[in-house]
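For reference, the structure discussed in these notes is given below.
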Amino acid sequence: MTDLIPMTALGAAEPRELRIGGLSLREDDGLALASLALPQGAPPVAPFGLALPGPGGLVRGPEGLGAFWTGPGQWMLEGTDRAGTGFAAQLAAEAPGARITDQTDSWAVIEIAGPGLGALLERLANLPPASVAPGCAARTGLHHMSVFLLRRSETELAVLGMRSQAGSLWHVLETALARLAA
């Protein structure tokens, strides 16, 4: 029998961390993600008591729960430190009739923290500043990748990219931080 060893999206036993200047990068392997889609004509839901946001919106609730809009009638819900806890099943119980898909292992999540995120965002994405203001979420291109940018606060940004591109995503972010600090 094969012995399987859990690893992060970047291929290590522990999440990668790096600090350059005043900003830090941290791979977040504990964030649970699940997509929620409502059938056409279904009544609105408020899973975990969260009011699901409209286009470009990001909401944070108690206990590390949050949601962001991904398309008409579609959202991604997140749970801090809930990877491996059956988050999608918990969400399904909160939103009967909704279409739920576990997305935790599909995405690499890199958290960026510190002052000066605005200058970094200018280098990363060709987006109007208002679309990446605190409390906003945006899907955009970053080099050759499609990513979600979640602006959690003035000093916190999460970048979600496809897990299969985790190494490229880390490299792009590390390079941008190094150039900004130079």
Side-chain angles (χ1 to χ4, degrees), residues 1-20 23-39 45 47-50 52 58-71 74-114 120 124-125 137-152 156-178:
M1 179 180 210
T2 302
D3 290 327
L4 300 177
I5 300 169
M7 65 177 62
T8 71
L10 290 168
E14 297 296 322
R16 191 179 299 180
E17 294 185 31
L18 175 69
R19 183 165 195 82
I20 298 177
L23 293 169
S24 65
L25 293 179
R26 182 181 62 83
E27 180 184 15
D28 186 352
D29 69 335
L31 187 69
L33 295 165
S35 60
L36 179 151
L38 291 176
V45 296
F48 308 114
L50 294 171
L52 297 176
L58 167 68
V59 297
R60 301 291 292 166
E63 301 175 25
L65 296 165
F68 58 96
W69 185 86
T70 58
Q74 300 176 36
W75 297 266
M76 186 82 75
L77 278 87
E78 55 181 357
T80 303
D81 296 326
R82 292 180 184 229
T85 65
F87 183 68
Q90 295 166 24
L91 176 57
E94 290 279 328
R99 311 303 190 253
I100 309 296
T101 304
D102 187 352
Q103 299 283 336
T104 304
D105 291 332
S106 301
W107 298 90
V109 181
I110 300 175
E111 303 280 350
I112 306 171
L120 177 65
L124 294 178
R139 187 160 199 169
T140 189
L142 177 61
H143 285 248
H144 62 282
M145 301 168 282
S146 177
V147 298
F148 284 106
L149 300 177
L150 311 179
R151 188 74 181 268
R152 300 192 190 288
E156 298 173 304
L157 172 74
V159 181
L160 282 67
M162 289 183 278
R163 186 181 179 96
S164 61
Q165 296 178 328
S168 294
L169 181 58
W170 183 271
H171 174 74
V172 165
L173 296 173
E174 180 179 356
T175 301
L177 259 66

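This one's a predicted model, so the numbers in the text were calculated from it and none came from an experiment. Along the sequence shown, residues carry numbers from 1.
Distance CG/Leu173 to CG/Leu18: 10.5 Å, rounded to 0.5 Å. Taking CE from Met162 and OG from Ser106, the interatomic distance works out to 10.5 Å, rounded to the nearest 0.5 Å. In this structure, CD1 on Ile110 lies 9.5 Å from CG on Leu160, to the nearest 0.5 angstrom. Between Glu78 atom CD and Asp28 atom CG the span is 9.0 Å, to the nearest 0.5 Å. Rounding to the nearest 0.5 Å gives a distance of 7.0 Å between CG of Leu120 and CG of Leu157.
Closest heavy-atom contact between Thr104 and Leu33: OG1-N, 3.0 Å. Leu124 and Leu142 make their closest contact through O-CD1, 3.1 Å (heavy atoms, listed as atom of the first residue, atom of the second, distance). The two residues Ala95 and Val45 make their nearest non-hydrogen contact at CB-CG2, 4.3 Å. For the pair Leu150 and Ala137, the tightest heavy-atom approach, listed with the atom from each and the gap, is CD2-CB, 3.5 Å. A pairwise comparison of heavy atoms in Ile100 and Ala88 identifies CG2-O, 3.6 Å as the closest pair. Closest of all the heavy-atom pairs between Ala98 and Leu38 is CB-CD2, 3.9 Å.
In this structure, Glu94 contributes its side chain and Phe48 its backbone to a donor-acceptor pair below 3.5 Å. Checked by atom type and distance alone, the side chain of Glu27 pairs as donor or acceptor with a backbone atom of Arg16 at under 3.5 Å. Side chain of Trp69 to backbone of Gly71: a donor-acceptor contact under 3.5 angstrom is found. Checked by atom type and distance alone, the side chain of Arg19 never pairs as donor or acceptor with a backbone atom of Glu17 at under 3.5 Å.
Inter-residue side-chain proximity for Leu50 and Leu77 is flagged as met; some heavy-atom pair is nearer than 4.5 Å. A 4.5 Å side-chain heavy-atom check between His144 and Gln165 finds at least one atom pair inside the cut-off. Phe148 places a side-chain heavy atom less than 4.5 Å from the side chain of Phe68. At a threshold of 4.5 Å between non-hydrogen side-chain atoms, the residues Leu91 and Asp102 do not count as touching.
One finds a salt bridge joining Arg152 and Glu111 here, because a Lys/Arg side-chain nitrogen approaches an Asp/Glu carboxylate oxygen to under 4.0 Å.
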**Worked verdict on Ser146 versus Arg139 for side-chain hydrogen bond (donor to acceptor under 3.5 Å, both in side chains)** = CA-CA 7 Å; Ser146 177; Arg139 187 160 199 169; 3.0 Å; yes
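Cation-pi check for Arg82 over Phe87 is not met; the charged atom does not lie both under 6.0 angstrom from the ring centroid and within 45 degrees of its normal.
No option in Leu169, Val172, Leu25 other than Leu169 meets the side chain to side chain contact (heavy atoms under 4.5 Å, CB included) test with Val159.
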